[in-house]
J.: 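Here it is: the structure, laid out below.
The model shown is predicted, which means the values in this text are computed figures rather than measured ones. Just so you know, these numbers use all the heavy atoms, side chains as well, and skip hydrogens, waters and symmetry mates.
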Amino acid sequence: MFPTGSLSFKEPFEMKERCDKCYEDFFPEPGYYYGAMFLSYIFTAFFSIGFVLFLHWVLKWSTTASFTALLAVLGIFFVYIFRLARALYINMHVHYDPNAIEKGKSKANQKSTASRFGS
């Protein structure tokens with residue numbers, strides 16, 4: 001889905017328009033990944049609460065140190081969380097098809113939605 005690695009900060013938000021193997025359109029409609037934002041928010045909120053509570057209550061860190069560590073961890077993994085949310089969101093709508101590669105050959109020459117709407 002992404003041209004660079006999961007923890008890469010080079011072009012972190014760039015996505016391929018289509019799958020290299022089955023030519024699935026990764027942009028089925030404008031604003032499609034708006035719902036991924038909610039997945040990212042839910043994941044980050046629960047992680048943040050658990051992380052800070054663990055550091056503060058179990059390891060007895062101060063509140064300031066706990067939140068500073070949280071900001072550092074989220075700063076490092078924000079690209080990964082962004083990409084994970086998008087991958088989960090498209091996986092909720094596009095299901096596995098063992099014949100996708102054969103079916104995708106007919107899609108190879110079609111324009112993706114992103115190119116039609118100017119990504």
Side-chain angles (χ1 to χ4, degrees):
M1 288 184 64
F2 302 96
T4 59
S6 293
L7 295 176
S8 172
F9 288 93
K10 180 184 174 192
E11 298 178 344
F13 306 113
E14 294 297 316
M15 284 185 65
K16 296 179 180 180
E17 289 184 15
R18 294 190 170 279
C19 175
D20 294 334
K21 302 285 184 186
C22 68
Y23 301 101
E24 177 68 42
D25 188 0
F26 288 143
F27 294 93
E29 62 187 40
Y32 174 73
Y33 289 104
Y34 184 72
M37 176 182 61
F38 293 103
L39 290 177
S40 175
Y41 174 75
I42 291 167
F43 172 76
T44 304
F46 281 112
F47 172 79
S48 298
I49 291 168
F51 187 81
V52 169
L53 289 178
F54 175 77
L55 292 179
H56 188 66
W57 287 350
V58 176
L59 299 181
K60 305 295 184 196
W61 287 21
S62 70
T63 305
T64 304
S66 299
F67 278 102
T68 303
L70 173 67
L71 290 176
V73 168
L74 291 179
I76 292 169
F77 290 107
F78 81 96
V79 172
Y80 182 76
I81 295 168
F82 170 84
R83 291 178 173 197
L84 177 67
R86 284 196 168 198
L88 287 172
Y89 192 71
I90 198 164
N91 191 46
M92 289 169 37
H93 298 113
V94 178
H95 301 287
Y96 175 74
D97 181 5
N99 301 317
I101 294 176
E102 289 82 27
K103 291 178 184 176
K105 291 177 184 175
S106 64
K107 297 180 189 178
N109 297 326
Q110 295 176 355
K111 285 186 160 186
S112 72
T113 305
S115 62
R116 288 194 307 258
F117 287 101
S119 61

J.: Tell me the closest heavy-atom pair linking His56 and Trp61, and the distance in Å.
T.: ND1-O, 2.9 Å
J.: Linking I/L/V/M/F/W/Y whenever their side-chain heavy atoms sit closer than 4.5 Å, directly or via other members, would Ile42 and Met37 fall into one cluster?
T.: no
J.: Please report the closest heavy-atom contact between Glu14 and Pro3, naming both atoms and the distance.
T.: O-CD, 3.3 Å
J.: Identify the two heavy atoms, one from Glu11 and one from Thr4, that lie closest to each other, and give their separation to 0.1 Å.
T.: O-OG1, 3.9 Å
J.: Going hydrophobic residue to hydrophobic residue with side-chain gaps under 4.5 angstrom, can you get from Phe54 over to Ile49?
T.: no
J.: Side chain to side chain contact (heavy atoms under 4.5 Å, CB included), that's the test. Do Leu70 and Leu55 meet it? Break it down for me.
T.: CA-CA 9 Å; Leu70 173 67; Leu55 292 179; over 6 Å; no
J.: Would you please classify the geometry between the Tyr89 ring and the His93 ring as parallel, tilted or perpendicular, with 30° and 60° separating the classes?
T.: perpendicular
J.: Are Tyr23 and Ile101 connected into the same hydrophobic cluster when the rule is that any two of I, L, V, M, F, W, Y join if their side-chain heavy atoms are below 4.5 Å apart?
T.: no
J.: Among the clusters formed by ILVMFWY side chains lying less than 4.5 Å apart, do Met1 and Leu84 turn up in the same one?
T.: yes
J.: For the residue pair Ile90 and Asp25, what are the closest heavy atoms and their distance?
T.: CD1-O, 4.3 Å
J.: Please confirm whether the backbone N or O of Pro12 pairs with a side-chain atom of Arg83, one donor and one acceptor, at under 3.5 Å?
T.: yes
J.: Report the relative orientation of the aromatic rings in Phe13 and Phe78; use parallel for angles under 30°, tilted for 30 to 60°, perpendicular for over 60°.
T.: tilted
J.: May I ask you to check whether over 12 heavy atoms, not counting those of Phe82, lie within 6.0 Å of atom CZ?
T.: yes
J.: Is the backbone of Ala36 close enough, under 3.5 Å, to the side chain of Ser40 for a donor and an acceptor to pair up by distance?
T.: no
J.: Search all heavy atoms of Lys16 against all heavy atoms of Phe26 and return the closest pair with its distance.
T.: O-CD1, 3.3 Å
J.: Determine whether more than 12 heavy atoms belonging to other residues, nucleotides or ligands lie under 6.0 Å from atom CZ of Phe47.
T.: yes
J.: In Å and rounded to the nearest 0.5 Å, what is the OH to CG distance from Tyr33 to Leu39?
T.: 12.0 Å
J.: Hydrophobic clusters here meaning ILVMFWY residues chained together by side-chain heavy-atom distances under 4.5 Å, can you tell me if Leu74 and Leu59 are in one?
T.: yes
J.: How long is the straight-line distance from OG of Ser48 back to OH of Tyr41, given to the nearest 0.5 Å?
T.: 9.5 Å
